[in-house]
Amino acid sequence: MLVLEEKATPLLNRTGDSYPITMPSLSKELENSDAKGKEEKLAKYYHLVNDYHQIFPSRFGVDLFAKISAFFLLIEPALPITRINEPDRSNNYPFGSFRRLYKEVGGFDLHCGNDLQRQFELFYRELSHQVEIKNQVSYFIVLQQAEEGGELTTYSLPWEEGQIKMGPNEVGEDCLKLPDGSIINLHTDRRVGSESVNPQPGDLILFQGGQLWHRVEIVKGNQDRITFGGFLGSSKASEEIILWT
Ligand SMILES: O=C(O)CCC(=O)C(=O)O
């Protein structure tokens, strides 16, 4: 993936990278800037996204947005699929991004979209003018599979206001503090089911990443894991489905 070598931005924990920059990394950059800096960074980002959308088909040899939209239309023919690309180049969001998780270290820790909104409020605030952000749906296509590991694990426990992610315990098991103050271990608690999928290159996975807690297991073996993905959300007027990341 030549383009990832050239343009990728490291993920916050530096165990992978993405193109364009992920929303957590952008949010961190915004948090660390004063008001003027924020405005400049956002303007630069929206400009970059506009270019990304313009050059995508020729740069990557495939109009992926057209292909993905045509596929989603088969599932829901009544709702047009769009992306946020304003003619005046303001407030553009990529329809998806390339994500690379480095071999032996990369993975995505436990997360769900509804919780990310709390963590990266600055980014979501801007986006929420255009998209219904609650209960975002995740999609990703596997471009390069890990030799081992890299599975997507979803837990049956849905997000609820007041849950707090505790981070993995000393043996690496994900725990959550529930609104009543009790702590639940997602790996061992019998009330929580889990499912792991290990999709092959070319597979497209669609799942309730907004509501369901999930993680991507550490990549093992001699090959990075590369996916292309983003989220689906309803437009404010519920007339379209917007792809964004
Ligand atoms: O494998 C990927 O691209 C990450 C999927 C994911 O964790 C998400 O959509 O929230």
Side-chain angles (χ1 to χ4, degrees), residues 1 3-4 8-27 60 64-65 68 71-72 83 93-103 105-120 123-124 127 131-159 163 165 167-168 174 176 186 194-221 223-233 241-245:
M1 270 270 127
V3 73
L4 279 177
T9 308
L11 301 180
L12 279 185
N13 62 8
R14 307 209 157 247
T15 61
D17 50 27
S18 79
Y19 171 65
I21 185 172
T22 58
M23 155 259 290
S25 303
L26 178 68
S27 299
F60 300 105
L64 195 53
F65 176 68
I68 294 175
F71 176 74
F72 287 146
R83 59 187 163 185
Y93 293 86
F95 72 98
S97 59
F98 295 89
R99 298 100 180 243
R100 171 169 55 187
L101 296 176
Y102 302 147
K103 58 187 180 193
V105 287
F108 288 119
D109 285 350
L110 184 73
H111 64 283
C112 70
N114 290 346
D115 189 61
L116 293 179
Q117 287 166 32
R118 193 182 49 75
Q119 288 180 51
F120 304 109
F123 174 90
Y124 276 99
L127 181 71
V131 188
E132 192 47 69
I133 53 174
K134 191 152 182 223
N135 298 342
Q136 66 194 48
V137 171
S138 288
Y139 78 89
F140 70 88
I141 302 164
V142 177
L143 303 181
Q144 180 170 287
Q145 193 184 12
E147 283 181 350
E148 257 184 80
E151 302 91 348
L152 169 74
T153 301
T154 49
Y155 294 100
S156 62
L157 187 79
W159 174 87
Q163 289 170 342
K165 181 179 141 179
D174 291 307
L176 279 181
L186 299 184
S194 71
E195 202 171 325
S196 275
V197 285
N198 192 3
Q200 313 286 304
D203 287 347
L204 187 152
I205 302 290
L206 193 61
F207 68 103
Q208 285 176 286
Q211 289 134 296
L212 293 185
W213 289 95
H214 61 280
R215 54 183 283 136
V216 173
E217 307 299 337
I218 298 287
V219 172
K220 304 215 177 93
Q223 189 161 271
D224 296 341
R225 174 189 188 271
I226 305 176
T227 53
F228 181 91
F231 308 103
L232 289 82
I241 302 280
I242 296 177
L243 301 188
W244 64 272
T245 192

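Every number for a ligand or one of its atoms is a count from 1 in the order of the listing.
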R225 heavy atoms within 4.0 Å reach ligand 1 at atoms 1 (O), 2 (C)
Quick one: are the ring centres of Y93 and F231 less than 6.0 Å apart?
no
E147 atom CD: more than 12 heavy-atom contacts under 6.0 Å
yes
Taking only heavy atoms of T227 into account, list the atoms of ligand 1 that are under 4.0 Å away from them.
1 (O), 2 (C), 3 (O)
For atom 4 (C) of ligand 1, the closest protein heavy atom turns out to be R99 NH1, 3.5 Å
Does the Lys NZ or Arg CZ of R83 fall within the cation-pi geometry relative to F65 - under 6.0 Å from the ring centre and within 45° of the axis?
yes
Where does F231 meet ligand 1, judged by heavy-atom distances below 4.0 Å: at the side chain, the backbone, both, or neither?
side chain
In the protein, which heavy atom is nearest to atom 9 (O) of ligand 1, and how far is it?
S138 OG, 2.9 Å
Taking the six-membered ring for Trp, are F98 and F60 ring centroids under 6.0 Å apart?
yes
Assess whether a salt bridge exists between R215 and E217, defined as any Lys/Arg side-chain N lying under 4.0 Å from an Asp/Glu carboxylate O.
yes
Nearest non-hydrogen protein atom, atom 7 (O) of ligand 1
H111 NE2, 3.0 Å
Other residues, nucleotides, ligands: >12 heavy atoms within 6.0 Å of K165 NZ
yes
Counting non-hydrogen protein atoms only, what is the nearest one to atom 5 (C) of ligand 1? Give residue, atom name and distance.
F140 CD2, 3.7 Å
